[in-house]
Amino acid sequence: MSARCISMALADFYATHNKYSTKLNLHWRDSNQDNIDAPSLALDLIKNVQVKAIIGPQTSSQAQFVVELGNKHHMPILSFSATSAFLSNLGKPYFIQTAVCDSYQVKAIATMIKAFGWREVVQIFEDTLYGNGVLSHLTDALQEVDARVAYRSAISNPMTDDEIAQELYKMETMQTRVFIVHLSPSLSSRLFFKVNEVGMMSEGYVWIITDRVANQLDSMNASVIESMQGVLGVRPYVPKSKNLDNFKKRWNRKVVQENPNFEVMELNIFGLWAYDTVWALAKAVEEETRYNSTYSPRLGVFEMAPRLRDAILKTNFKGLSGRFNLTKGQLEPPTFQIVNVNENGERGIGFWTPSEGLHKKLNTTSKKTYSTSKDDLKPIIWPGESKCVPKGWAIPTSGKKLKIGVPKRHGFTEFVNVRHDSQTNQWIVTGYCIDLFEAAIKQLPYAVDYDLVPFVDKDGNQAGPYNALIDAVYYKNFDAVVGDVTIIANRSSYVDFTLPYTESGVTLVVLVKENRNKAWIFLEPLFWDVWLTTALAFIFTGFVVWTLEHRINDEFRGPAPDQVGVTLCYIASFSSLLTVQRLQPVINDINDLIKNRDNVGYQNGSFVLDLLRTLNVEEPHLKPYTTAEQFAEAMTNGTVSAIFGEIPYLRLFLAKNENCAKYKMVGPIFKTDGFGFVFPIGSPLVPDIITPLTTASSNSLTLDSFWGLFLITGAASLSALLIFLSIFLYKNRHLLRDSSVPFGQRLRAIGTCFLKKDPSHHTARTNDGQPIGNGDPANSPPNADVLPIGNGHAENPPHSANGETTAQIAEVNTHEQQSQPLDPEPVGQEGGCSTEPGNSDPDTAL
């Protein structure tokens, strides 16, 4: 195929460029894929034929030897099929990869791994220069998406089918179910036949092939394709073009003419790269014809070689394979197509580009954000004809149970309690941490078998400190650790933790004394945003109350400062309910202890000891204790002035102590990340267990705790305000409708009316302040609502029920009106504010 494409390229180029003064003359050598023959044949071409450049060799293993000759003799070597990443890192200026380097595809593969949420993969690679070249690049790309290579399996041509099957059986016993295959087409064919035989091409498995095989799926045997159903692959995308369609037609005709008795050979991208390589070299040679190139036997180099190499590196044109740009010594990173093998071939399910990530379709007209979402790919048919995305891992078919290490505590056993049952000779493990882990496991969508194994020595005591227990996970003596294990930075460097499930931090517990003079203690239970929202809610509610009351309630009238004062008294009366007494600690923080050279207690075996040492607490003043009872005794008898420990233990100590009121947690909190479950780095269980776990809440209440209350309060106040304003504006709509008056003056009239007292709700009062008239009907004088007040008295004034005359009542009311400044008369057709629908004159009605 390569030879045919090279010949057609030479003919096409000079048919198109018939005025060129140069022409490439091809000298063929067949190394028969032999690594030893390749360099000797290349040396023959250089010295005896005196060629100006070499196209080839075909394999990466051959290329590593030929490249040295090219560099020594200043001979440009152009390879369209040697794709190993090792070759691009050799630093050989005369080697030019006119193919896409294998390292370019790893980011596309890693993006797919991230899109589907897989955390571990197994890499199956060919044990050659081609296969090994991509290992480090793939590892780095996976680390960038928080995934890792759990196992590498090297496959080589000398291996028998049985040996390949044995390697597959080994991988079947592992948890990981995502496999990345980087093999040649011949080895891939052998591998996938065996994958089907051992039952690993079934539901739940993921197989991803790299571009070497994905580029040649069209030319692979039908039985091989049948064994690869559900496989995903990545390959460089070849854009459609009219030139490419015409070339494929001519290719098929030529193949049929030359091999009438053979099946038509499919054209792949390696043939297109070979075609474009010839065009690139022919253009470069023509560019150098103005220089006189001579061969010097003494030096053994071509004087034109540097200029020819530079001309090749300037190549940038649109070829049959797409954009053919060699400016960096190798073909530039292309767009990768993602394919899914099914039925009789493969179908495209999306694309990956370095700038935009995953997308179903290519869009060259507009910029898109970088996508790592599986939703940006078309539907996939997975192995076993499944349409469900595989989880990427499973409990091994061998039925191995997870070995979960558990610490054996002597104090604070509420977290973890390990005891031995002498009758059954069994260990019984209970406690909060155990309950939480078991609850999380039950919520997983699959079964996980495990055994809880106490970390004890032959005498039944804990076999070492917590760091030793964590080391046991690193060294694979345990599959995980469940217990009160604190997440700290140095531990996270060699094991994985779940999210913390307890409150985090280290602080002090000290004795306290009562202090009733601390006025601002009420601020502590709530976060600042809750107090701010509360204050705003008070002010808004006060404003609404004033708006609703000031026209009908004398207490909300008068000068502006008085009205503001009433509102503020309302807020203050509520706030005063939160004032409580204060307990003041004897010691404020760790610095007081260090300064006073006081003894400090800590939990025996805890990492807190190392923290105290870093805080420069002197060793003689450090006192270890194991149980909460020992803490209390040491504090009571004055052996220590404070206990320095992790907050979960200190809270348990305070909760268990009958005299907890005399202790208090104080000082700065030295941050840790709380308790977490321990797993090996990259364990697929970690993200699944994280989902059922919840983290501990803070001491203080957040705004989230009250948003519903604020919503209800705000909605009620706002509704009352809107209803009031709607009624008020409706009653006084005549003030807004008067088009003869400027709009601004109408608004001022509305405002003036709003500030006036509402006469329809006015309540007359007696001399002792009791309401009459529109107050209690039982105490109202007869016909008081129609009595004209005139100049403040009336003839033959009738008596009220309590003996006071109506004239006295009128006089009181008149005096009230005279004591207040008169509001200007608002404009309007009806001459003032509206009262009730009858709209009686507010100045003449009682």
Side-chain angles (χ1 to χ4, degrees), residues 30-38 57-65 81-86 102 109 120-135 138-139 149-233 268 270 341 383-384 394 396-400:
D30 186 3
S31 64
N32 196 28
Q33 305 247 348
D34 192 298
N35 295 341
I36 299 177
D37 285 349
Q58 287 188 255
T59 70
S60 297
S61 297
Q62 291 175 346
Q64 66 176 332
F65 298 105
S81 56
T83 59
S84 173
F86 276 150
D102 289 335
I109 294 173
E120 284 189 343
V121 304
V122 170
Q123 188 173 14
I124 303 175
F125 66 100
E126 184 175 326
D127 194 13
T128 61
L129 186 74
Y130 157 73
N132 286 281
V134 80
L135 296 183
L138 181 59
T139 300
V149 178
Y151 177 73
R152 289 192 177 99
S153 175
I155 305 293
S156 60
N157 274 309
M159 291 178 66
T160 65
D161 288 348
D162 288 341
E163 289 174 328
I164 294 176
Q166 288 300 317
E167 187 66 16
L168 289 173
Y169 285 128
K170 182 192 302 183
M171 290 183 277
E172 188 182 20
T173 65
M174 301 175 185
Q175 293 181 343
T176 307
R177 290 292 181 264
V178 181
F179 301 89
I180 300 175
V181 180
H182 186 62
L183 300 175
S184 64
S186 59
L187 271 179
S188 292
S189 300
R190 295 174 59 195
L191 174 76
F192 282 110
F193 278 129
K194 287 299 176 183
V195 167
N196 277 271
E197 283 185 12
V198 301
M200 293 177 66
M201 192 59 77
S202 56
E203 185 174 355
Y205 284 88
V206 179
W207 294 89
I208 301 174
I209 55 174
T210 55
D211 60 355
R212 175 66 59 147
V213 175
N215 281 324
Q216 301 186 50
L217 288 173
D218 289 342
S219 58
M220 297 183 79
N221 189 280
S223 60
V224 176
I225 296 298
E226 180 64 27
S227 70
M228 298 173 64
Q229 296 296 297
V231 170
L232 293 179
N268 61 46
F270 293 104
V341 180
T397 56
S398 61
K400 172 190 172 185

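Please read these numbers as outputs of a predicted model, since none were measured by experiment. For reference, positions follow the sequence shown, starting with 1.
For the atom pair CG of Leu191 and CD1 of Ile164, the computed distance is 6.5 Å after rounding to the nearest 0.5 Å. Taken from CD1 in Ile225 to OG in Ser219, the straight-line distance is 8.5 Å, to the nearest 0.5 Å. Between the CZ atom of Phe192 and the CG atom of Leu168 there is a distance of 10.0 Å, given to the nearest 0.5 Å. Separation of atoms OG (Ser188) and CD1 (Ile155) is listed at 10.0 Å; rounding is to 0.5 Å. Here the CG-CD1 distance, from Asn215 to Ile209, works out to 9.0 Å after rounding to the nearest 0.5 Å. Rounded to the nearest 0.5 angstrom, Glu172 CD and Glu167 CD are separated by 12.5 Å.
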Next item on the list: Could you check Val134 against Phe125 for side chain to side chain contact (heavy atoms under 4.5 Å, CB included), going step by step and ending with a plain yes or no?
Entry: CA-CA 9 Å; Val134 80; Phe125 66 100; 5.8 Å; no
Next item on the list: Go through Met159 and Asp127 one step at a time and tell me if the side chain to side chain contact (heavy atoms under 4.5 Å, CB included) criterion holds.
Entry: CA-CA 11 Å; Met159 291 178 66; Asp127 194 13; over 6 Å; no
Note to self: Using side chain to side chain contact (heavy atoms under 4.5 Å, CB included), reason through Gln64 and Phe86 one step at a time and then give a plain yes or no.
What the structure shows: CA-CA 9 Å; Gln64 66 176 332; Phe86 276 150; over 6 Å; no
Checklist line | Met220/Val213 under side chain to side chain contact (heavy atoms under 4.5 Å, CB included): CA gap, chis, key distance, verdict | finding: CA-CA 9 Å; Met220 297 183 79; Val213 175; 3.9 Å; yes
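Side-chain contact between Met201 and Val231 is present, with heavy atoms from C-beta onward closer than 4.5 Å. Side-chain atoms of Tyr169 and Lys194, non-hydrogen and from C-beta on, never get closer than 4.5 Å to each other. Here the side chains of Tyr130 and Thr59 are not in contact, with every heavy-atom distance at 4.5 Å or above. The closest side-chain heavy-atom distance from Asn268 to Asp218 is not below 4.5 Å. The shortest distance between side-chain heavy atoms of Phe65 and Pro57 does not fall below 4.5 Å. Contact of the Gln216 side chain with the Phe270 side chain is registered, since non-hydrogen atoms from C-beta on lie closer than 4.5 Å. Contact annotation: the side chain of Trp207 approaches that of Val195 to within less than 4.5 Å [non-hydrogen atoms, C-beta and beyond].
Ser184 and Glu126 get closest at one heavy-atom pair: N-OE1, 2.9 Å. Counting all heavy atoms, side chain and backbone alike, Asn132 lies closest to Thr128 at ND2-O, 2.7 Å. The shortest heavy-atom contact between Thr210 and Leu183 is OG1-N, 4.5 Å. The two residues Ser202 and Pro383 make their nearest non-hydrogen contact at O-CB, 3.5 Å. When all heavy atoms of Arg177 and Met174 are compared, the closest pair comes out as NH1-O, 2.6 Å. Residues Gln58 and Ser81 approach most closely at O-OG, 2.7 Å, considering heavy atoms.
In this view, Asp161 and Arg190 satisfy the side-chain hydrogen bond (donor to acceptor under 3.5 Å, both in side chains) rule, not counting sequence neighbours. Judged as a side-chain hydrogen bond (donor to acceptor under 3.5 Å, both in side chains), and not counting sequence neighbours, Asp162 has no contacts.
The main-chain N or O of Leu129 is found under 3.5 Å from a side-chain atom of Ser84 such that the two form a donor-acceptor pair.
Under 3.5 Å, the side chains of Thr83 and Asp102 contain a donor-acceptor pair of N or O atoms.
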